[in-house]
Student: 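So that we are looking at the same thing, I have put the structure below in structure tokens.
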Amino acid sequence: MEPCRHCKREIEAKIRRCPYCGTLNPTVKIKDIFIGIFFVLAVMYVVSFFVSPVN
């Protein structure tokens with residue numbers, strides 16, 4: 001059980017929507033979202049570095 005990031009009530013960790021306030025992915029923290037975005041951007045940068053043609 002983890003708290004919902006919006007209403008702070010205890011809910012199951014794997015639930016998709018908070019049954020009390022309706023927040024999507026209520027146990028995912030904002031910090032985790034930013035880490036995921038940074039990781040995706042870093043992978044895209046590395047891939048574009050190796051794929052881009054050298055003239």
Student: Less than 4.5 Å apart, any side-chain heavy atom of Val28 and any of Arg5?
Tutor: yes
Student: Please check this pair: side chain of Thr23 against backbone of Cys18, looking for a donor-acceptor N/O pair closer than 3.5 Å.
Tutor: no
Student: Tell me, yes or no, whether the heavy-atom count around Met44 atom CE, taken from other residues, nucleotides or ligands under 6.0 Å, exceeds 12.
Tutor: no
Student: If I compare all heavy atoms of Tyr20 with all of Arg9, which pair ends up nearest, and what's the gap?
Tutor: CD2-NH1, 2.8 Å
Student: Atom SG in Cys21, atom NZ in Lys8: separation rounded to 0.5 Å?
Tutor: 9.5 Å
Student: Quick one: pull up NZ in Lys29 and CZ in Phe34 and give me the separation to the nearest 0.5 Å.
Tutor: 15.0 Å
Student: Using the rule that Ile, Leu, Val, Met, Phe, Trp and Tyr join whenever any side-chain heavy atoms are under 4.5 Å apart, tell me whether Phe49 and Val46 fall into a single cluster.
Tutor: yes
Student: Can you find a pair of side-chain heavy atoms, one from Pro26 and one from Ile11, that are under 4.5 Å apart?
Tutor: yes
Student: Below 4.5 Å, heavy atoms only, C-beta onward: do Phe39 and Ile35 meet side chain to side chain?
Tutor: no
Student: Once rounded to the nearest 0.5 Å, what's the spacing between atom CD of Glu2 and atom CD1 of Ile15?
Tutor: 12.0 Å
Student: Is it true that, when you exclude Glu12 itself, more than 12 heavy atoms of the residues, nucleotides or ligands shown sit nearer than 6.0 Å to its CD?
Tutor: no
Student: Do you reckon Val51 sits in the same ILVMFWY cluster as Val43, going by side-chain contacts under 4.5 Å, direct or chained?
Tutor: yes
Student: Can you tell me if Arg17 uses its side chain to pair, donor with acceptor, with the backbone of Leu24 under 3.5 Å?
Tutor: no
